[in-house]
Engineer: 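One structure follows; several queries about it will come next.
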Amino acid sequence: MKILAVESSCDETAAAVIENGRKILSNVISSQIEIHAKYGGVIPEIAARSHIESIIPAVDHALREANTKLENIDAIATVKGPGLIGSLLIGSLTAQTIAKIKNLPLIGVNHVFAHPFANFLTTNPPKFPFLSLIVSGGHTQLMLFEKNLDYKILGSTQDDAAGEAFDKVAKLIGLSYPGGPAISKISSKGDKNAFKFPHAKLKNPLDFSFSGLKTAVLRQVLELTGEKNAGLKKSYNLKPKVATDIATSFEKNITDNLVQKTLLAKQKYKPKSIVVGGGVAANPQLRKKMAKAINEVHFVEPKLCTDNAAMIGALAYQMAKLDKFIDPNSLEIDSSLETL
Ligand code: KG4
Ligand code: ZN
């Protein structure tokens, strides 16, 4: 079964062709990072306009790279949420239109849930039921997936997502957007014990909270610079060595936290496999620490951790096996979708 998948929930326009949920025939990603970097974050209107320009070329490119044609595609998959509403619209309208014109079955996929399914696109796929730590720019949650795609959300962030914390702290200490890659680029040169930042104590130990950590970094920066509090939107002027030590201490704190909670969930739920997905899963420190704590943990290559359409095709295949198709006329996008 060949699935053509499209993804346009945030700032990447992507299309991929996936065979039998396991093999990537093509995986095209047109990133808008450079466009948004000068604003220090994603501007929704610019993202939507940029998707309009890129979506058809991306689909075309994905078909060509897969050496196939729409006539040989068995189903179309698109993201129905969560994400930026204008961005979601472009991908879903494209997929709905292709499905209608070519009379193809359509699958509407939850973008966040799709992240861990990128791990099926490897030679060593996870086994159900699997535990998944999803760490992206907008979401942080621990989930359990059963073979029939029944799922349980074991814990989720009460405030900022892990990627969001990376982005905000990076901005604070003068690094560029997106903050995660910027922090992980310099963190190997810093002292991880230079600054002690707190871990949040929560009623459900599998929930997450990073806003206290972010505020602690802000307080530390204000103390070091003697500047007035102008909030998290401003970059403060720090000596490069100090900024590097803050980045490294912050990264240690957040990655320790993510590993501890995943370990706790593993002990409690005893899954057959454990996978980590989402943009923050590209972080080398997190990968190293998690692999040390849980040696059987699954990670995909960084390109499949950040947003892509291949992961949408991978989850869509599992949904197709369960006949979870949707009428193209009744596909509804939902910017804060929380269900499959
Ligand atoms: O999954 P993703 O590509 O998009 C969303 O669905 O949000 O995740 C983007 C997030 C950004 O916050 C970015 O800073 C973070 O992933 N990220 C990283 C790294 N690469 C991307 N965070 C930490 N270390 C990285 N190497
Ligand atoms: Zn994502």
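Treat the numbers as computed from the prediction; the structure is a model and nothing was measured. Side-chain atoms are counted along with the backbone in the values below, which use heavy atoms only and exclude waters and symmetry mates.
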Engineer: Can you tell me which residue among T157, T140, N257, D159 is in a side-chain hydrogen bond (donor to acceptor under 3.5 Å, both in side chains) with S209?
Structural biologist: D159
Engineer: Through direct or indirect side-chain contacts below 4.5 angstrom among Ile, Leu, Val, Met, Phe, Trp and Tyr, which residues connect to L331?
Structural biologist: L4, V6, V17, L25, I52, I55, I56, V59, L63, L70, I73, I76, I90, I98, L104, L106, I326
Engineer: Side chains of N308 and E7 only: does a donor on one sit below 3.5 Å from an acceptor on the other?
Structural biologist: no
Engineer: A cation-pi test, strictly: NZ or CZ of K234 under 6.0 Å from the centre of the six-membered ring of Y236 and no more than 45 degrees from its axis. Yes or no?
Structural biologist: yes
Engineer: On the 0 to 90° scale, with breaks at 30° and 60°, tag the F120-F117 ring pair as parallel, tilted or perpendicular.
Structural biologist: parallel
Engineer: Can M143 and F130 be said to form a side chain to side chain contact (heavy atoms under 4.5 Å, CB included), step by step?
Structural biologist: CA-CA 8 Å; M143 294 187 72; F130 69 81; over 6 Å; no
Engineer: Looking only at side chains, do S211 and D160 share a donor and an acceptor under 3.5 Å apart?
Structural biologist: no
Engineer: Under a 4.5 Å side-chain heavy-atom rule over Ile, Leu, Val, Met, Phe, Trp and Tyr, are V109 and L322 clustered together?
Structural biologist: yes
Engineer: A cation-pi test, strictly: NZ or CZ of K261 under 6.0 Å from the centre of the six-membered ring of F208 and no more than 45 degrees from its axis. Yes or no?
Structural biologist: yes
Engineer: Going by atom types alone, do N27 and K303 pair a side-chain donor with an acceptor below 3.5 Å?
Structural biologist: no
Engineer: Run the ring-centre check on F145 versus F128 and record whether the distance is less than 6.0 Å.
Structural biologist: no
Engineer: Does the pair V42 and C10 meet the rule for a side chain to side chain contact (heavy atoms under 4.5 Å, CB included), with working shown?
Structural biologist: CA-CA 8 Å; V42 179; C10 188; 4.2 Å; yes
